[in-house]
Protein chains: 2
Amino acid sequence: MKVKVASEKDVRLVELVIALFDEFREHANTCMAAFDLSAAHAAALLRLDTPLSQRELADCLKYDASNITGIVDTLEQRGLVERQVDPADRRVRRLVVTDEGSRVLVHLRKCFEEASLVSRLGDDERAQLRALLTKAVGDRTNTSWAEMLRGRR
Amino acid sequence: MKVKVASEKDVRLVELVIALFDEFREHANTCMAAFDLSAAHAAALLRLDTPLSQRELADCLKYDASNITGIVDTLEQRGLVERQVDPADRRVRRLVVTDEGSRVLVHLRKCFEEASLVSRLGDDERAQLRALLTKAVGDRTNTSWAEMLRGRR
DNA sequence: TATTGTTATACTCTATAACTATA
DNA sequence: TATAGTTATAGAGTATAACAATA
């Protein structure tokens, strides 16, 4: 069995992924600033497409539950999210995006998706790239913009 | 001229890059923990392959200069880096990696480069991926591990 | 007793401002 | 006066611990 050693070229490959991600991050920062949302607020909002309890949101975003209170406070004060007491268990606050929140979410997603990777490759190249990356990523799943917005995990 | 709209598939492409980066980040965190280095310390060390003044290091890492003092203090206390007064301008501290620092740097780089992207693709596939990513990245340059370790820019 | 959410608090990371020593 | 580095400090962001309400 061969020992796995990273060649010069492998290193370059990693650097390319980092460079692309870096571009996305910069773009995402611009988008979030445009909507006056911090990374944590944007990540929370993006996750609330399907309603969640605060506990579920915390698990989802890998935040300690204590942080969710303040994040949701802000989103609620801005009229983007509503806390609804779960009738089945009155300890639980179910978080639902308001109409205004939905509108912001649509615009925010649109802004995010203008990441320029899209523009520098042709259709065929994008299809090839998609295939290669899918294989490279393996079984890693459920990763999206919200994951990008957290520095540590 | 066509309006640029991100398709479902383009979104997926972005998500794949995020997923890969996320894997690198997790791997990098493991490496840094193994060497008991914070992201800032690791990033600084990685940049000091070529000696720099503290000011240059700050610019390089996009830190305010005031932060460099503490970071270098730690690296110096651990015997990884030395502050040398520049004889030509006694205000300047030139930072040079010690022998011990070089050894750590070699091991740290080796650890970083074991990122598993390397293992899931064949040689041909990696070459294709490299070509596509190079085109997608465009003229973005000088991006590497140190850039990954900073959340914001 | 265990769990959801809240509060108070502490720690890390980074930036700003004021200072010193040189230039 | 301007620049390199230092110090003190303040603000984010996140985690830990103790607590109240509910199960």
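Chain A is the first sequence line, chain B the second, and so forth, proteins listed ahead of strands; every chain is numbered from 1.
Within the structure, every side-chain polar atom (N or O) of A/N67 is placed at least 4.0 Å from both OP1 and OP2 of D/dG13.
Between the CD1 atom of B/I68 and the P atom of C/dC13 there is a distance of 13 Å, given to the nearest Å. The interatomic distance linking B/L57 (CG) with D/dG5 (P) rounds to 10 Å, in whole Å. Atoms CD (A/Q54) and P (C/dT3) sit 18 Å apart, rounded to a whole Å. As rounded to whole Å, 16 Å separates atom C1' of D/dA4 from atom CD1 of B/I71. The CG atom of B/L37 sits 16 Å away from the C1' atom of C/dC13 (whole-angstrom rounding). For the pair B/L75 CG and D/dG5 P, the interatomic distance rounds to 15 Å; values are reported in whole Å. Rounded to whole Å, atom P of C/dT16 lies 15 Å from atom OH of B/Y63. Here D/dG13 presents its P atom at 14 Å from CG of A/L61, a figure rounded to the nearest Å.
Expressed to the nearest 0.5 Å, how far OG of B/S102 lies from CG of B/D49 amounts to 7.5 Å.
Of the charged side-chain nitrogens involved, at least one lies within less than 4.0 Å of a carboxylate oxygen, so that B/E56 and B/R94 count as a salt-bridged pair. Salt-bridge annotation for A/D73 and A/R83: present, with a side-chain N of the basic residue lying under 4.0 Å from a carboxylate O of the acidic one. The residues A/R93 and A/E82 are annotated as not salt-bridged, no charged nitrogen and carboxylate oxygen being separated by less than 4.0 angstrom.
For the pair A/D64 and A/H41, both in contact range of DNA chain D, the more 5′-proximal nearest nucleotide belongs to A/H41.
A/A58 and A/I68 make their closest contact through CB-CG1, 3.6 Å (heavy atoms, listed as atom of the first residue, atom of the second, distance). Pairing each heavy atom of B/R120 with each of A/V137, the nearest pair is NH1-O, 3.4 Å. For B/L61 against B/A44, the heavy-atom pair with the smallest separation is CD1-CA, 3.8 Å.
Across residues 84-96 of chain B, B/D89, B/R90, B/R91 each have a non-hydrogen atom less than 4.0 Å from an atom of DNA chain C (numbered order).
Contact annotation: side chain of B/S66 to base of C/dT16, donor-acceptor pair present below 3.5 Å.
Taking only side-chain atoms of A/R55, from C-beta outward, the nucleotide of C/dG5, D/dG5, C/dA15 with the closest atom is C/dG5.
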